[in-house]
**Student:** 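Below is one structure. I have some questions about it.
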Amino acid sequence: MDITPILEHLNDAQRAAVTAPPGPLRVLAGAGSGKTRVLVQRIAWLLTVEQANPWSILAVTFTNKAAAEMRARIEQLLEFRASGLWIGTFHGIAHRLLRYHWREARLSQHFQILDADDQVRLVRRVLRGLELDEKTWAPKQAVWRINAWKDDGLRAAHIDDRDDPLLRTHVRIYAAYEAACERNGVVDFGELLLRTVELLRDDATLGEHYRARFRHVLVDEFQDTNQVQYAFLKLITGQRGDVFVVGDDDQAIYGWRGARIENIQRFEQDFPGALTLRLEQNYRSTAVILDAANALIAHNRGRLGKRLWTDGSRGEPIDVYAAYNDYDEARFVVERIQRWVEEGGRRAECAVLYRSNAQSRVFEESLIAAALPYRVYGGLRFFERAEIKDALAYLRLLANRDDDASFERVVNTPTRGIGERTLDELRGVARERSVALWQAAERLLAERRLAARAANALAAFLALVERLARDTAERPLSAVTAHVIEHAGLLAHVRKDKDGKGEDRAENLEELVNAARAFETLPEELEGMRPLDAFLAHAALEAGEGQAEAWEDCVQLMSLHSAKGLEFPQVFIAGFEEDLFPHYLSSQDPEKLEEERRLAYVGLTRAQRHLTLSFAERRRLHGQEIYPRPSRFLREIPAELTRDVRARATVSRPLYNPGPLVQAESDTGLQLGGRVRHPSFGEGVVLALEGAGAHARVQVNFKAAGAKWLVAAYAKLEKV
DNA sequence: CGGCCTTAGTTTTTT
DNA sequence: ACTAAGGCCG
């Protein structure tokens, strides 16, 4: 057999990983070191050389995108459909197992998945049920806690709350919430994982079955695994299994959501005989950028250790721009992007990265003013839109009348005269008799305990749902969806919405019908499920793209977190200021500070060719003018790798980097503050210098004409 | 029931 | 400063 394609284009370290003998292996893959290639070729190696059965391979990622990419690349490499292989996200795989084994997992057959938004709503209901004040017991806080416990594999019953009243209440909320989920036949994201772990741990037969089956387990982004995910991996591999984990401790940026960097750090202790390989050759960035990233991350302690290198070019220095304020910062970045585009670059090759999403606004304004199309990542996803969630809630009620979250969502959407009073009544009855809202409604109506108006409205709603169910039985999913949207009155409801978004919303609803069509024939891994259940699970597990028009050539705006895994020729990282980056909520705790530094490391290593960092000397924050200090991270980048760019001569604050200022690298022969003469504008003073070579620009304050930006090469300035 | 006003919070995000 | 969400009133 010809195995050349599998070993082609691999460096020594990559080849060692791909061809390693079965057994626990940890691959420390630096940014841009070809980790996806290694994962893909490893799978190909297992399938061909090791003659592994596709059936025996399980590859786990964190995002749907990563899973899809891996599958596509395997199919491309091996030229066949990668069927039989299990490739998916932790949640997708857990979901699949729970659908197969819903009985053993003690779930209802048509259990539904709660997304983050549904979860908060449900917790809010639970709080009311416990008669806890929402002011004191913020639902979001409680959700945060519950999720953190689930991430750690803890049930309410496991938590020791002896001496802490606050904790005790949260545990009570957790227990009540667990019960509510149970009654409603819903599971949240954390539950998918926790339930699966319990299933594999407590059901010896099933555990043994899957351990025997998945002889080869591969994990991407291993540094981001939380405790439950780690427990899942241990359960599925056993002690001596073939586990191939790829990750980078220096890119662990999700500690705040339960990820345990220790998982990658102590891999060798948990999997005896484990080997470690390092991928340190980088194929993405210039040497300057890598040197900067290496120097920065060297300030962290307890690293597994790794040093990126390249045999590519050294590259240009990193520009550091000290902006006068946040608007000036945006102006500068946008001008640079414009110049890049004028020189033939694509807008989509430019990324503006920031620590917090609020920073995007100023950039958006500047980009609009400059008529540059852009795309902001991380907005509302398709399946998270209110009108879509309303439609899905109807569908969920069709699938499962006990789904209280959905019931509450649409019982009065569109408004049909069912108010808070009626609902309170319903909730009370549901609680007393431990039944779902749907049954509570039926009983209240049967017992005639409601005022006539409310009773009519409620009866109309129940009848509507029953009618929808009857009229759509046996029809294809897209027809069901279209029917529900139309006859529940959602389309009309959305159209009369007056903020001008009505038509957009109607279009989204139509798009939902198209999305449903894709589930009329189920992919093999979902075989046996009802199309409706599969569609609803998909909506929860894969919320869709944030923002449309991915294909248009536009400037990319995103948080540093969302930039992980991506690369761009031109990267701008804005807001290198103390309290913003590192964020003030993280700068006190050394562990959190290190995570911030890793975030900076992730940011720097996104850049392929050119990197520009900026900070503002003033910034508007929460309506207040603040005077931030440059970020400590700037000081951790060796000065010889950077080049200060200053737009103004009036910078008054101390430099971020002590020592001699490398003045705005200029081959124009001009000096800040120097006097010059222009053929038509006359005499003036140099205010600013920017860029170099053919693109060097200079700002001059002319006595007569005022301040002007000139391209040095054309301006014919002479020194006075 | 819906519109308006007050009030509180304001890091990062996937599933 | 801005926004989102809850409370209150018509």
Side-chain angles (χ1 to χ4, degrees), chain A residues 60-67 88-95 113-121 124 133-135 138-141 144 147 150-151 187-194 196 220-221 224-226 228-229 252-259 326 353-362 377-381 383-384 386 412-423 453-454 457 498 537-546 558-565 575 579-587 592 595-596 598-600 602-603 619-626:
Chain A
V60 202
T61 64
F62 274 84
T63 65
N64 292 297
K65 197 173 149 201
T89 61
F90 278 100
H91 293 86
I93 290 190
H95 173 243
I113 302 168
L114 231 45
D115 74 9
D117 188 56
D118 302 330
Q119 203 190 3
V120 176
R121 286 160 186 273
R124 191 167 280 138
D133 180 20
E134 281 188 32
K135 283 260 171 60
K140 285 220 175 109
Q141 200 95 43
W144 183 267
N147 288 342
K150 289 196 180 189
D151 286 346
V187 299
D188 60 42
F189 291 126
E191 186 71 26
L192 285 171
L193 301 175
L194 182 49
T196 302
D220 189 19
E221 304 278 18
D224 289 336
T225 49
N226 63 30
V228 188
Q229 288 159 336
I253 54 174
Y254 287 113
W256 53 274
R257 66 174 197 206
D326 40 354
L353 313 181
Y354 34 76
R355 174 69 238 264
S356 63
N357 287 311
Q359 287 170 258
S360 78
R361 216 195 72 224
V362 185
Y377 284 75
L380 256 200
R381 317 294 228 34
F383 286 107
E384 289 166 0
N412 201 33
T413 315
T415 48
R416 49 174 72 89
I418 300 170
E420 211 43 43
R421 284 193 58 129
T422 316
L423 268 174
R453 230 168 78 170
K498 57 204 143 322
H538 169 85
L541 287 176
E542 197 161 347
E545 279 287 305
M558 68 191 83
S559 70
L560 286 157
H561 283 89
S562 344
K564 190 161 119 186
D579 291 341
L580 188 57
F581 191 27
H583 196 272
Y584 72 102
L585 292 173
S586 300
S587 55
K592 289 184 178 167
E595 185 157 302
E596 295 280 313
R598 292 193 290 268
L599 190 57
V602 166
R619 180 179 296 277
R620 228 166 218 302
L621 191 70
H622 311 323
Q624 290 247 305
E625 191 92 338
I626 56 161

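Below, chains carry the letters A, B, ... as their sequence lines are ordered, and counting in each starts from 1. This one's a predicted model, so the numbers in the text were calculated from it and none came from an experiment.
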**Student:** Looking only at non-hydrogen atoms, find the nearest pair between Ser586(A) and Glu596(A) and report the distance.
**Tutor:** OG-OE2, 3.2 Å

**Student:** Considering only atom P, compute the distance from dC2(C) to dT13(B) and round it to an integer number of Å.
**Tutor:** 23 Å

**Student:** Cation-pi check for Tyr254(A) against Arg257(A): NZ or CZ below 6.0 Å from the six-membered ring centre and within 45 degrees of the axis, yes or no?
**Tutor:** yes

**Student:** Please step through side chain to side chain contact (heavy atoms under 4.5 Å, CB included) for the pair Thr61(A) and Glu221(A), ending with a clear verdict.
**Tutor:** CA-CA 7 Å; Thr61(A) 64; Glu221(A) 304 278 18; over 6 Å; no

**Student:** Search all heavy atoms of Val228(A) against all heavy atoms of Lys150(A) and return the closest pair with its distance.
**Tutor:** CG2-O, 2.7 Å

**Student:** How far does OH of Tyr354(A) sit from CG of Leu580(A), to the nearest 0.5 angstrom?
**Tutor:** 12.5 Å

**Student:** Return yes if a side-chain donor-acceptor contact under 3.5 Å exists between Gln119(A) and Asn147(A), otherwise no.
**Tutor:** yes

**Student:** Are the ring centres of Phe62(A) and His91(A) closer than 6.0 Å?
**Tutor:** no

**Student:** Just call it for Asn412(A): base, sugar-phosphate, or nothing, with non-hydrogen atoms closer than 4.0 Å on any strand.
**Tutor:** sugar-phosphate

**Student:** Applying a 4.0 Å non-hydrogen cut-off, can you work out what Ile418(A) is touching in the nucleic acid: base, sugar-phosphate, or nothing?
**Tutor:** sugar-phosphate

**Student:** Quick one: does any side-chain atom of Glu542(A) pair with a main-chain N or O of Ala539(A) as donor and acceptor, under 3.5 Å?
**Tutor:** no

**Student:** What is the per-nucleotide protein-contact pattern of nucleotides 9-14 of chain B, from the 5' end, where B denotes a base atom under 4.0 Å from a protein heavy atom, S denotes such proximity for sugar-phosphate atoms only, and - denotes neither?
**Tutor:** -BBBBB

**Student:** Which parts of nucleotides 2-10 of chain C does protein reach within less than 4.0 Å, heavy atoms only, written one letter per nucleotide 5' to 3' as B for base, S for sugar-phosphate only and - for none?
**Tutor:** ----S----

